[in-house]
Amino acid sequence: MGVAQRMKNAEIADAFDELGILYELDGAVVHRVVAYRNAAKSIREAGVSVAEMAAQGRAQELSGVGKTIAEKIDALIADGEIPAARKLKQRIPEGLVQVTRVPGLGPKRTRQLHAELGIGSLEELRQAAEQGRLTDAPGFGAKAQEKVLAALAVGAGEAPTARTLLSTALEVGEELVAGLRAHDPSIEVELAGSARRHADSCKDLDIVVAASDPEALLAAFAVLDPIDEVTSTGSAGAKAVTHQGLPVDLRIVPRESFGNLLQHFTGSGRHNEALRKEAVRRGLHVSEYGVLDDANGETAAFRTEEEVYAALGMPCIPPELRENRGELEAARKGDLPKLVRLGDIRGDLHMHTTASDGRNTILEMARAAKERGYGYIAITDHSASHGFGNGVATEDLKIQIEKVAKANAKLDGIEILAGSEVNVLPDGSLDYADDLLDELDWVVASLHTSFSQTERELTERMIRAIEHPAVDAIGHPTGRLIARREPYPLDIDAVIEAAARTGTLLEINANPNRRDLDDSYARAAARGGVKLVVDSDAHGAERLGNMRFGLATARRAWLEKDDVANTRTLAQLRQLRKR
DNA sequence: GCCGTTTTCGGCCCGACTGTTTTCAGTCG
């Protein structure tokens, strides 16, 4: 098993993003800069190891990577840096890269500040602004100086802005949409943006409305419960902030072009950019107002998204796929996946009860699952070594199995599997004996400790668990917590290969903080021949509903019903087990 | 620098907003 220490996609992507900015600061033509940025994005989102691709001479298969960038990837991996970047850094202070991240200061204005005032870092920018010297540079007035000071005061250029988890964003967004519908049932209103695409997290909420009386609508919007403050308002819409501090952008549009605006504000920016580029080649120009046809000079507006996409010669693309990851080509060819739906899910195979750190009993969980229409669940409390008395000790596992049997006897219409979420110990062994594991109907193996191991150690540890004959699935395989904790270092390609080879399922954990595997990895796993299982990991009956966030990730991963193990009947599922 | 059912060269998405401007460049999403 070859688990080499390889450069990660994110590290390679960062290097090209930086190189793009350096070229930009050096005054390169904008399209060259854009080319580096596109390549970085492509590298970052590749579901497989780009270092591995490069080693095989296949880097140019990535869109946006040609001969030159492929050579630079090779140099970066061999020497740890790109020669062109080293040369540029001799001319351009590295601190200038941070200056371009200050809102309002793009590359052109940053160059200006460097040339005119000798500013080469955020600190020098701060000093110049505080001393009132910024206005000495041409094109910089009092307002510009004020904005720079304000931006630096909130730490711009240093930390990325906070993002809101999809679960919170959807809860608020759906309440706002319902509130607007209640105000006037005749309007068309939809959530757009990253919330509609079911991304991991959202920077803000976009709401698109077609209404006959915009003023009345805006008045109703301003007094909806979640809204803390309306910060600006006009005939085209309003901007507001919720009590959680989540910005809301409300757009009002005539009904005739509702489809165009919804398409535009659903994004993603990348998807729209690619969509428009493709349209231009056919003499069509797409904007939020309509589709302009060079042939007759007329702009066609559409009431629905279906009509917008139809005008561009393709079927409507599900919002979850609109990330410019191949969906346009698939749509054109009629190859869009038939995405798995929440209603396809027949059971939930990872949840906790009061036997470990859950809040409800086996029966309570089972009844709640039955109400959701499931045919089966697995009770998977933590195993012996989970700690703090929050696990099922070895001597108690048989009692737990008996409890499941009793609950099964009391309940019709749903089958309860006796399972466990077994700890994978630092050496890759499991913390129940094999003969005990044999008595279980379902085994999820997860890592909960020793995340500081090296990539090699973690990968070998996980592969040992995957190869264990009793393990049905690997729980939350990368350990990430969205916006809070990076995934632990793992050779995901090696993990996928092992899972495919052994017939082990990989989980998409549906907890909205996790969504682990993420969409890129889950897509790579399915392509690698691995079946996924989408689990709520509920610690209380009301959390079974988290399944929707796992489905969101599954759909963003292009998964179809057959890719997801728990769309099967229990009998079919049992055939997927290793023994 | 990348890319191709009009192209291996000549293009490269679209519009709003802002501030500093006498008509627009730069930035943002």
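In what follows, chains are A, B, ... by sequence order, proteins preceding strands, each numbered from 1.
The two residues A:Pro337 and A:Glu560 make their nearest non-hydrogen contact at CA-OE2, 3.2 Å.
Between B:dT23 and B:dT18, the distance separating the two C1' atoms is 15 Å to the nearest Å. Straight-line distance between the P atoms of B:dG1 and B:dT5: roughly 23 Å, to the nearest whole Å. Atom C1' of B:dA16 sits at a distance of 25 Å from the matching atom of B:dG11, rounded to the whole Å. Using C1' as the reference atom, B:dC14 and B:dC9 are 25 Å apart when rounded to the nearest Å. When the P atom is used for both B:dT27 and B:dT20, the distance is 13 Å, rounded to whole Å. For the C1' atoms, the distance from B:dT21 to B:dG26 is 13 Å, rounded to whole Å. When the C1' atom is used for both B:dC2 and B:dT8, the distance is 12 Å, rounded to whole Å.
Between A:Arg251 and A:Glu288 there is no salt bridge, since no side-chain N of the basic residue sits under 4.0 Å from a carboxylate O of the acidic one.
Closest to the side chain of A:Thr68, from the set B:dC2, B:dG15, B:dT20, is B:dC2. Residue A:Tyr289 has its side chain nearest to B:dG15 when only B:dT18, B:dG1, B:dG15 are considered. The side chain of A:Val280 has B:dC14 as its nearest neighbour among B:dG1, B:dC14, B:dG26.
Note on A:Arg281: a base of the nucleic acid sits closer than 4.0 angstrom, heavy atoms only. Across all strands shown, A:Arg109 has heavy atoms under 4.0 Å from sugar-phosphate atoms exclusively, and none from any base. Across all strands shown, A:Ala142 has heavy atoms under 4.0 Å from sugar-phosphate atoms exclusively, and none from any base. Looking at heavy-atom distances under 4.0 Å, A:Pro107 makes contact with sugar-phosphate atoms alone, never a base. Across all strands shown, A:Val286 has heavy atoms under 4.0 Å from sugar-phosphate atoms exclusively, and none from any base. Within the 4.0 angstrom heavy-atom criterion, only backbone atoms of the sugar-phosphate kind lie near A:His285; the bases stay farther away.
One interatomic measurement links the two molecules: NE2 of A:His271 to P of B:dC14, which rounds to 15 Å at whole-angstrom precision. Taking atom CG of A:Leu105 as the reference point, atom P of B:dT27 lies 8 Å away to the nearest angstrom. Here the P atom of nucleotide B:dC28 and the NZ atom of A:Lys147 are 9 Å apart, to the nearest Å. The distance from atom CZ of A:Arg251 to atom C1' of B:dG15 is 11 Å, rounded to the nearest whole Å. In this entry the distance linking CG of A:Leu284 with P of B:dT6 reads 12 Å, nearest Å. If you measure from atom CG of A:Asn38 to atom P of B:dG11, you get 20 Å, rounded to the nearest angstrom. A straight line from NZ of A:Lys143 to P of B:dC17 spans 15 Å, rounded to a whole angstrom. Atom pair A:Arg32:CZ and B:dC9:C1' shows a separation of 17 Å (rounding to whole Å applied).
No side-chain heavy atom of A:Arg126 sits less than 4.5 Å from a side-chain heavy atom of A:Val148.
If A:Gly139 and A:Ser287 are placed on DNA chain B by their nearest nucleotide, the residue sitting closer to the 5' end is A:Ser287. Nucleotides of DNA chain B nearest to A:Ala35 and A:Glu288 differ in position, and the one nearer the 5' end is that of A:Ala35.
Ring pair A:Tyr23/A:Tyr36 is parallel by interplanar angle, where below 30° counts as parallel and above 60° as perpendicular.
Within a 6.0 Å radius of CD in A:Glu215, no more than 12 heavy atoms belonging to other residues, nucleotides or ligands are found. Atom CZ of A:Arg527 is surrounded by 12 or fewer heavy atoms from other residues, nucleotides or ligands within 6.0 Å.
Base orientation at B:dT21 is anti, since its O4'-C1' glycosidic dihedral falls outside 90° of 0.
Across all strands shown, B:dT8 remains unpaired; no Watson-Crick or G-U wobble contact has both distances below 3.5 Å.
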For residues 80-90 of chain A, tabulate all N or O donor-acceptor pairs below 3.5 Å that involve a side-chain atom, not counting sequence neighbours.
unit_1: A:Glu81; atom_1: OE2; unit_2: A:Arg86; atom_2: NH1; d: 2.8
unit_1: A:Lys89; atom_1: NZ; unit_2: A:Glu18; atom_2: OE1; d: 3.3

